[in-house]
Amino acid sequence: MEPGQPGGSGPAEPGPLPRGVRGAGPKASASPPSGAEAQLQRCAPAVAAVLPAGGRGERMGVPTPKQFCPILERPLISYTLQALERVCWIKDIVVAVTGENMDAMKDLIQRYQHKRISLVEAGVTRHRSIFNGLKALAEGQRDAQLSRPEVVIIHDAVRPFVEEDILLKVVTAAKEHGAAGAVRPLVSTVISPDADGCLDHSLERARHRASEMPQAFLFDVIYEAYQQCSDYDLEFGTECLQLALKYCHIKAKLVEGSPDLWKVTYKRDLYAAESIIKERISEQIHIVMDTKEDEEHIGHHFEEMLKNELNHVKVTSGSLCHPGRDLQQIILEQCYNFICVNVKTSEFEETQKLLDVLTESNISILYPVVVISVHFLDHKSVPIGQKMENLMQIREFAKEVKKRNILLCGLLIYCPQEKQKLQDSLRRGAIIIATLIKERNSGLIGQLLVA
Ligand SMILES: Nc1ccn([C@@H]2O[C@H](COP(=O)(O)OP(=O)(O)OP(=O)(O)O)[C@@H](O)[C@H]2O)c(=O)n1
Ligand SMILES: O=C(CO)[C@H](O)[C@H](O)COP(=O)(O)O
């Protein structure tokens, strides 16, 4: 499966090529390149990325280094790798990891099927870790799989929301200026204290910027800078752009980045990152119904209700047994939320079919997929005791599919004959569904909620 953006709104589409950047979009790989593309590819620089991931995350205050802290049960660094590897014109991604985390990193690469990754040993400071990554590229290490790139991107492993757009901008600017980096307006004013802890002076906020990542450099420039720089720089420096200026006289081009480029540093940043990811993977819901025949059935009113109530998300619908919108296509679009509306039976036949398709697709490797099996309780239903007995099987199904990162819940909608009361039940059902999808709470799996 091709990884997409971190919780992104769509599949990993290759973007435009930076002027002179070698790329291999679907067109380039499927058919011979056109004249212009071929020329572009010939004069294009090779681009690699170095990700320092050897820190201890002391400010986070937890024993696990923050790059390995789980977000929706997947380590933070995996989201960053996913964001970089979806950019097809980045040829190699070199990650600097400490010896003690090397095996964990290798497992992670295998488990989440990351591609184009090489590992190097981290250094005791961030600059030393980056330098180790650059050396591996310069020397074409890793069994000659790596080659010296023309442009190198440096990006912190703990900034998971980096988009292709900003990578393209910094690489293009680096090609022209020698170095480039993403910046943001300052949130707070920067002040200098004197030796007594009193205000010495403050900086004019509008004239300064916060330096973020990604940054990009002509490889020869940054490698030279790291070779030249002092032990003091390697020990206490925090700014790669400064090294390029100090040792190679290259004035980096500063590029405005998005607010999502912030660095996960404190515990609250993990919660913020989780919220962003949850929001992004909740943008689409697909409804599957076990019949399309009985147009008057309550199931169709419920589908309408969902479409009205969840109007901030894209709601699509289809059936597993009738030709309609192809489920495979929906999965390719990276939909992570499915509602199975069971009209015909009180069994899980249709839900089971849906779970089989989802399991086979591997879509849940990267994000937890929510499946809600909806059932109706009306005056025509089989005796309630029997119905409940059937529905309680959901516990077993849920336990089984949780192993595949699928979160299955049941929803029983009570259907009184009075129209207004029925509408209220359906609306409550829609609200429960919206909450289950938004929260993605694995504590609720296997529960049968009643609306
Ligand atoms: N010796 C180090 C120190 C830091 N980093 C990496 O540099 C990035 C940014 O550094 P920072 O946020 O300071 O990370 P930590 O050093 O882990 O955090 P802290 O300062 O809170 O300990 C992180 O991806 C971190 O893993 C690294 O590769 N090698
Ligand atoms: O801020 C930065 C811009 O250059 C770097 O991204 C880096 O994260 C700084 O690391 P540290 O928090 O260890 O100083």
Side-chain angles (χ1 to χ4, degrees), residues 1-14 24 26 29-30 68 70-88 90 93 104-117 160 164 274 277-288 314 316 318-321 324-340 348-373 394 396-409 436-437 440-442 445-446:
M1 169 188 151
E2 268 303 303
Q5 78 188 76
S9 51
E13 288 292 335
S29 52
F68 297 109
I71 299 184
L72 298 179
E73 297 183 17
R74 177 152 68 103
L76 170 62
I77 190 172
S78 169
Y79 293 90
T80 317
L81 294 178
Q82 186 191 347
L84 288 176
E85 71 193 353
R86 70 184 286 271
V87 179
C88 61
I90 299 177
I93 302 168
M105 191 65 205
K106 285 180 187 162
D107 289 349
L108 183 156
I109 290 170
Q110 204 175 10
R111 175 157 186 202
Y112 300 107
Q113 302 177 4
H114 291 303
K115 304 280 180 322
R116 316 200 300 275
I117 313 285
E164 181 164 6
E274 181 174 311
I277 294 166
K278 279 183 175 174
E279 196 175 299
R280 290 183 181 182
I281 58 177
S282 301
E283 281 172 353
Q284 187 176 353
I285 296 174
H286 187 65
I287 306 170
V288 170
K314 182 175 165 195
T316 54
S319 125
L320 287 171
C321 48
R325 251 196 103 130
D326 188 1
L327 188 58
Q328 297 297 345
Q329 182 56 33
I330 294 289
I331 291 170
L332 274 179
E333 283 172 21
Q334 295 177 21
C335 175
Y336 296 99
N337 312 289
F338 296 85
I339 300 167
C340 188
F348 285 97
E349 209 179 300
E350 199 71 359
T351 306
Q352 185 65 63
K353 272 195 236 161
L354 173 63
L355 292 170
D356 288 346
V357 177
L358 294 175
T359 306
E360 212 164 290
S361 74
N362 277 342
I363 187 169
S364 54
I365 286 184
L366 294 179
Y367 300 102
V369 170
V370 172
V371 176
I372 302 163
S373 188
I394 194 161
E396 293 310 310
F397 287 130
K399 215 159 106 189
E400 201 45 43
V401 293
K402 174 68 180 71
K403 294 178 197 153
R404 307 298 302 259
N405 206 16
I406 297 177
L407 311 179
L408 173 66
C409 287
L436 289 172
I437 287 172
R440 251 161 240 276
N441 188 336
S442 58
I445 62 160

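Taking Asp356 as the reference, Gln352 meet the side chain to side chain donor-acceptor pair (under 3.5 Å) condition, with sequence neighbours excluded. Not counting sequence neighbours, the partners of Arg116 by the side chain to side chain contact (heavy atoms under 4.5 Å, CB included) test are Glu85, Ile90. Take Glu360 and apply the side chain to side chain contact (heavy atoms under 4.5 Å, CB included) test, not counting sequence neighbours, and it matches no residue. For the ring pair (Phe, Tyr, Trp, His ring centres under 6.0 Å) test, residues two or more places apart in sequence or in another chain that qualify with Phe397 are Phe348. Every side chain to side chain contact (heavy atoms under 4.5 Å, CB included) that Val401 has, sequence neighbours left out, goes to Leu355, Ile406, Leu408. Partners of Lys106 by side chain to side chain contact (heavy atoms under 4.5 Å, CB included), not counting sequence neighbours, listed by chain and number: Met102, Asp103, Leu119. With sequence neighbours left out, Glu396 forms a side chain to side chain donor-acceptor pair (under 3.5 Å) with no residue at all. Taking the side chain to side chain donor-acceptor pair (under 3.5 Å) definition, one finds that Glu73 meets it with Lys402, sequence neighbours left out. Here Glu349 pairs with nothing under the side chain to side chain donor-acceptor pair (under 3.5 Å) rule; sequence neighbours left out.
Here CD1 of Ile437 is found 13.0 Å from NZ of Lys278. Values are rounded to the nearest 0.5 Å. Atom CG of Asn337 sits about 10.5 Å away from atom CG of Leu436, to the nearest 0.5 Å. A distance of 15.0 Å separates CD1 in Ile285 from OH in Tyr336, rounded to the nearest 0.5 Å. Remark: Ile277 CD1 to Leu72 CG distance equals 6.0 Å, nearest 0.5 Å. Rounded to the nearest 0.5 angstrom, Asn405 CG and Lys403 NZ are separated by 14.0 Å. If you take CG on Leu366 and OG on Ser78, they are separated by 6.5 Å, rounding to the nearest 0.5 Å.
The aromatic rings of His286 and Phe338 lie perpendicular to each other, with more than 60° between the two planes, well past the 30° mark.
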Legend entry - Stepwise side-chain contact (heavy atoms from CB on, under 4.5 Å) test for Val357 and Gln328: CA-CA 8 Å; Val357 177; Gln328 297 297 345; 3.7 Å; yes
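When every heavy atom of Thr80 is checked against every heavy atom of Pro160, the shortest pair comes out as OG1-CA, 3.4 Å. Between Arg86 and Ala83, the shortest heavy-atom contact is CG-O, 3.2 Å.
Under the 4.5 Å side-chain criterion, counting only non-hydrogen atoms from C-beta, Leu354 is in contact with Leu327. Side-chain contact between Ile77 and Tyr112 is absent, with no heavy atoms from C-beta onward closer than 4.5 Å. Considering only heavy atoms from C-beta on, Arg404 comes within 4.5 Å of Asn362 through its side chain. Put simply, the side chain of Leu84 does not reach to within 4.5 Å of the side chain of His114, judged on heavy atoms. The shortest distance between side-chain heavy atoms of Arg440 and Ser282 falls below 4.5 Å. Put simply, the side chain of Thr351 does not reach to within 4.5 Å of the side chain of Ile394, judged on heavy atoms.
Under the 4.0 Å criterion applied to side-chain N and carboxylate O atoms, Glu283 and Arg280 are not assigned as salt-bridge partners.
No side-chain donor-acceptor contact under 3.5 Å links Arg74 to the backbone of Tyr367.
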